[in-house]
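Remember, it's 1-based here, ligands and their atoms both numbered in the order they're listed.
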Amino acid sequence: MHCPFCRHADSRVIDSRTSDDGLSIRRRRQCPECGRRFSTTETASLTVIKRSGVVEPFSREKVMAGVRKACQGRPVTDADLALLAQQVEESVRATGVAQLEANDIGLAVLPHLRELDEVAYLRFASVYQAFDSLADFDSAIAELRDHPRAGRLPGDPAEAAPSISKE
Ligand SMILES: [Zn+2]
């Protein structure tokens, strides 16, 4: 790998460390020419097959853009969306697949979006789960009522986590 400082054509790995979740490897490298050190992160490539059949790299930005539409007018910040996109990437990587369909990403978004904002969740679910009647909304709302978010329970540790609870 080229040195990012002097563009020397080679570098030496001086340390490799697997991340705690086992999904990436971080390598410390040193340039034999200028002696400077830098790090690289190695992850399995993750690609998405769009409905059109086009294959493209997984993009957190695209996840954020898709969810942002469902969050219009809701108290959801860009930082919330960035965290959600990171959680979605981690959950799809954790399944071990290297290639997924655009629809799989939508489904992976749902549990995380539900924790963030229930109205945005319903909007998003109505598109990705192809709700086509009021009954679909009714059952999704009934499901939300029957299984409230963990963050709503008094004294639940999740309530203290700013990433999960908005209150
Ligand atoms: Zn160098």
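R12 has no carboxylate O lying under 4.0 Å from a charged side-chain N of D10, or vice versa, which leaves the two without a salt bridge.
Closest approach of S39 and R28 over heavy atoms only: OG-NH1, 2.8 Å.
Around the Zn ion (ligand 1), protein N, O or S atoms at a distance under 2.8 Å total 4; waters are neither shown nor counted.
Proximity of R26 to T40: side-chain heavy atoms (C-beta onward) are nowhere separated by under 4.5 Å. Here the side chains of I141 and L122 are in contact, with some heavy-atom distance below 4.5 Å.
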Under 3.5 Å, which donor-acceptor pairs link side chains of residues 62-76 to any protein atom two or more places apart or in another chain?
unit_1: K62; atom_1: NZ; unit_2: E56; atom_2: OE1; d: 3.1
unit_1: K62; atom_1: NZ; unit_2: E56; atom_2: OE2; d: 3.2
unit_1: R68; atom_1: NH2; unit_2: D78; atom_2: OD1; d: 3.2
unit_1: R74; atom_1: NE; unit_2: D117; atom_2: OD1; d: 2.9
unit_1: R74; atom_1: NE; unit_2: D117; atom_2: OD2; d: 3.1
unit_1: R74; atom_1: NH2; unit_2: D117; atom_2: OD2; d: 3.1

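Under a hydrophobic-cluster definition in which Ile, Leu, Val, Met, Phe, Trp and Tyr are linked whenever side-chain heavy atoms come within less than 4.5 Å, directly or via other members, V119 and L116 are assigned to different clusters.
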